[in-house]
Amino acid sequence: MTQMAGIDSKDIRKIIVACDAGMGSSVMLASQLRKQLRDTGVTVEHTPVNSIPADADVVLCHAGLAARARAAAPDKVLVPFQIFLGDPAVTRLVDAIKKGGTVHA
């Protein structure tokens, strides 16, 4: 399967924050996203990068793990980021979900 180029924000039901072990920094980012997306109906979970669930719509992961995330979930929209709090890629994702638009891989 090839990676999706984008997804309409209204089709996003589950975001996975993937990290190396599924603990620590991904837990912090997932918690922040849950608060920001509280009234949108979008579920946010964190998992190890090698255990991305099949029902994920968007996968957020640190840029250093992007290749592993692509290998683990090649058919998902992958949004890599550089910093765990306040990264522009994460902000764009939240804005697209709240305001409508397309999230691009």
Test Cys61 against Leu78 for side chain to side chain contact (heavy atoms under 4.5 Å, CB included), laying out the working first.
CA-CA 8 Å; Cys61 73; Leu78 177 67; 3.6 Å; yes

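- The side-chain contact (heavy atoms from CB on, under 4.5 Å) search around Thr40 returns Leu37, Val42, Ile97, Lys98, not counting sequence neighbours.
- Contact detail for Arg68 and Asp20: the closest heavy-atom pair is NH1-OD1, 2.7 Å.
- Nearest heavy-atom pair across Leu85 and Gln32 is CD2-OE1, 3.3 Å.
- The CZ atom of Arg13 sits 9.0 Å away from the OG1 atom of Thr43 when rounded to the nearest 0.5 Å.
- Considering only residues two or more places apart in sequence or on other chains, Asp55 meets the salt bridge (Lys or Arg N to Asp or Glu O under 4.0 Å) condition with Lys14.
- Side chains of Thr102 and Ile7 form no contact here, defined as non-hydrogen atoms less than 4.5 Å apart.
- The minimum heavy-atom distance linking Ala72 with Pro74 is given by the pair C-CD, 3.6 Å.
- With sequence neighbours left out, Asp95 forms a salt bridge (Lys or Arg N to Asp or Glu O under 4.0 Å) with no residue at all.
- The minimum heavy-atom distance between Ala73 and Ile52, with the atom names listed, is CB-CG2, 3.8 Å.
- Here the side chains of Val59 and Val79 are not in contact, with every heavy-atom distance at 4.5 Å or above.
- For Arg92, there are no side-chain hydrogen bond (donor to acceptor under 3.5 Å, both in side chains) partners two or more places apart in sequence or in a different chain.
- In this structure, CG on Leu93 lies 9.5 Å from CD on Gln36, to the nearest 0.5 angstrom.
- With Ser9 contributing its side chain and Ala96 its backbone, the two residues share a donor-acceptor pair below 3.5 Å.
- Between Asp57 and Lys76, every side-chain heavy-atom pair lies at or beyond the 4.5 Å cut-off.
- Applying the side-chain contact (heavy atoms from CB on, under 4.5 Å) test to Lys35 and every residue at least two apart in sequence or in another chain returns Ser31, Arg38.
- The shortest heavy-atom contact between Pro80 and Ala66 is CB-CB, 4.3 Å.
- Relative orientation of the Phe81 and His62 rings is perpendicular, given thresholds of 30° and 60° on the angle between their planes.
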Step-by-step side chain to side chain contact (heavy atoms under 4.5 Å, CB included) determination, Val17 to Glu45:
CA-CA 6 Å; Val17 180; Glu45 296 178 3; over 6 Å; no

Going through the distances and angles, do Leu33 and Val90 end up as a side chain to side chain contact (heavy atoms under 4.5 Å, CB included)?
CA-CA 9 Å; Leu33 283 171; Val90 176; 3.8 Å; yes

Quick one, Leu60 with Ile15, criterion side chain to side chain contact (heavy atoms under 4.5 Å, CB included). Give me CA distance, side-chain angles, the key distance, then yes/no.
CA-CA 7 Å; Leu60 270 171; Ile15 296 172; 4.1 Å; yes

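- Under the side-chain contact (heavy atoms from CB on, under 4.5 Å) criterion, Asp8 pairs with Lys10, Asp11, not counting sequence neighbours.
- From His46, atom NE2 reaches atom CD1 of Ile16 across 9.5 Å, with rounding to the nearest 0.5 Å.
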